[in-house]
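Everything numeric in this text was worked out from a predicted model, so none of it was measured. By convention here, the first residue in the shown sequence is residue 1.
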Amino acid sequence: MSAPLVGIIMGSDSDWPVMKKSAAALEEFGVIYEAVVSSAHRHPEKTASFAKTAAAAGMKVIIAGAGGAAHLAGVVASMTTLPVIGVPVAIEPLRGVDSLYSTVQMPPGIPVATVTIDGAYNAGLLAVQILALSDEVLKSKLEIFRQKQAAMVEEKDCRLKESLKKQE
Ligand code: RP5
């Protein structure tokens, strides 16, 4: 089995229902990933170890998802030069606005590429796009993926026009 190219780290297993969408996107493109539960505040040593060893383990991109005072992505980004994609996970009582601000508002020097609240699927796609910079097969797969999306829009347009015709 090849080494994982993408690390998906999340603060709790309660984040998995959201974060599994990153895994699904990676699986669609045949990208090997490793999923890990760790926490910047409950288990900082494990989080540091993951971040510091990711590049040497062969990872090229890290996706980090957490909810609440969501500093996980920023903490991981501070300990690796790999690109880190942050997923603000929606939890009560602020339903992700707290997670979004904590993840996206990184001070200059340590960037985190933040997707939308619960935007784990897009995080997976963005990881694939980063990998595709040096992988022609992935690049072709992305082009086909985009073409399929465009075809779906055309289908929706046709369906709408058909239903409007029937109403005339
Ligand atoms: C954060 O606290 C985790 O990322 C999760 O979103 C949230 C709640 O964690 P649990 O109490 O469900 O373990 O650190």
Side-chain angles (χ1 to χ4, degrees), residues 3-135 138-139 141-142 145-146 149:
L5 291 176
V6 178
I8 303 175
I9 184 168
M10 66 210 86
S12 173
D13 60 348
S14 63
D15 297 318
W16 181 242
V18 169
M19 296 308 293
K20 70 181 182 187
K21 293 172 197 160
S22 291
L26 296 169
E27 283 167 22
E28 268 179 67
F29 287 87
V31 172
I32 298 169
Y33 63 88
E34 180 187 357
V36 179
V37 172
S38 191
S39 165
H41 50 278
R42 291 171 177 160
H43 202 338
E45 297 85 4
K46 182 179 180 184
T47 300
S49 168
F50 173 84
K52 287 178 181 172
T53 59
M59 290 181 191
K60 305 287 182 208
V61 187
I62 294 174
I63 299 171
H71 36 252
L72 182 64
V75 166
V76 169
S78 76
M79 286 183 274
T80 179
T81 54
L82 293 177
V84 174
I85 304 169
V87 181
V89 175
I91 63 168
E92 294 297 332
L94 300 183
R95 285 177 283 168
V97 174
D98 44 356
S99 325
L100 173 64
Y101 285 170
S102 320
T103 306
V104 77
Q105 287 294 101
M106 285 299 290
I110 305 291
V112 168
T114 306
V115 294
T116 57
I117 296 171
D118 287 349
Y121 186 70
N122 263 2
L125 288 182
L126 185 54
V128 173
Q129 289 181 212
I130 293 169
L131 295 171
L133 288 170
S134 56
D135 185 326
L138 275 186
K139 193 175 164 212
K141 286 182 181 177
L142 276 166
F145 176 81
R146 294 285 179 97
Q149 282 194 132

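- Note that the OG1 atom of T103 and the CD1 atom of I117 stand 9.5 Å from one another [nearest 0.5 Å].
- Summarising the local packing, CZ of F145 is surrounded by more than 12 heavy atoms from other residues, nucleotides or ligands at distances under 6.0 Å.
- For the pair T47/V76, a side-chain contact is recorded, criterion being any heavy-atom separation below 4.5 Å from C-beta on.
- Listed by chain and number, the residues in a side-chain hydrogen bond (donor to acceptor under 3.5 Å, both in side chains) with T114 amount to none (sequence neighbours excluded).
- Residues S99 and A66 come closest through the heavy atom pair CB-O, 3.8 Å.
- Put simply, CD1 on I62 and OG1 on T80 are 5.0 Å apart, with the number rounded to the nearest 0.5 Å.
- Judged by distance alone, with hydrogens and angles left aside, the side-chain atoms of D15 form a donor-acceptor pair with the main-chain N or O of G11 at under 3.5 Å.
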Would you check, one step at a time, whether the test side chain to side chain contact (heavy atoms under 4.5 Å, CB included) holds for K46 with V36? CA-CA 10 Å; K46 182 179 180 184; V36 179; 4.0 Å; yes

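- The side-chain hydrogen bond (donor to acceptor under 3.5 Å, both in side chains) search around S102 returns none, not counting sequence neighbours.
- Applying the ring pair (Phe, Tyr, Trp, His ring centres under 6.0 Å) test to pairs two or more places apart or on separate chains, those with a residue in residues 30-88 are H41-H71.
- Between the CG atom of L26 and the CD atom of E34 there is a distance of 12.5 Å, given to the nearest 0.5 Å.
- In terms of modelled atom types and a separation under 3.5 Å, the side chain of K60 and the main chain of L131 share no donor-acceptor contact.
- Taking the side chain as every heavy atom from C-beta outward, D118 and V87 never approach each other to under 4.5 Å.
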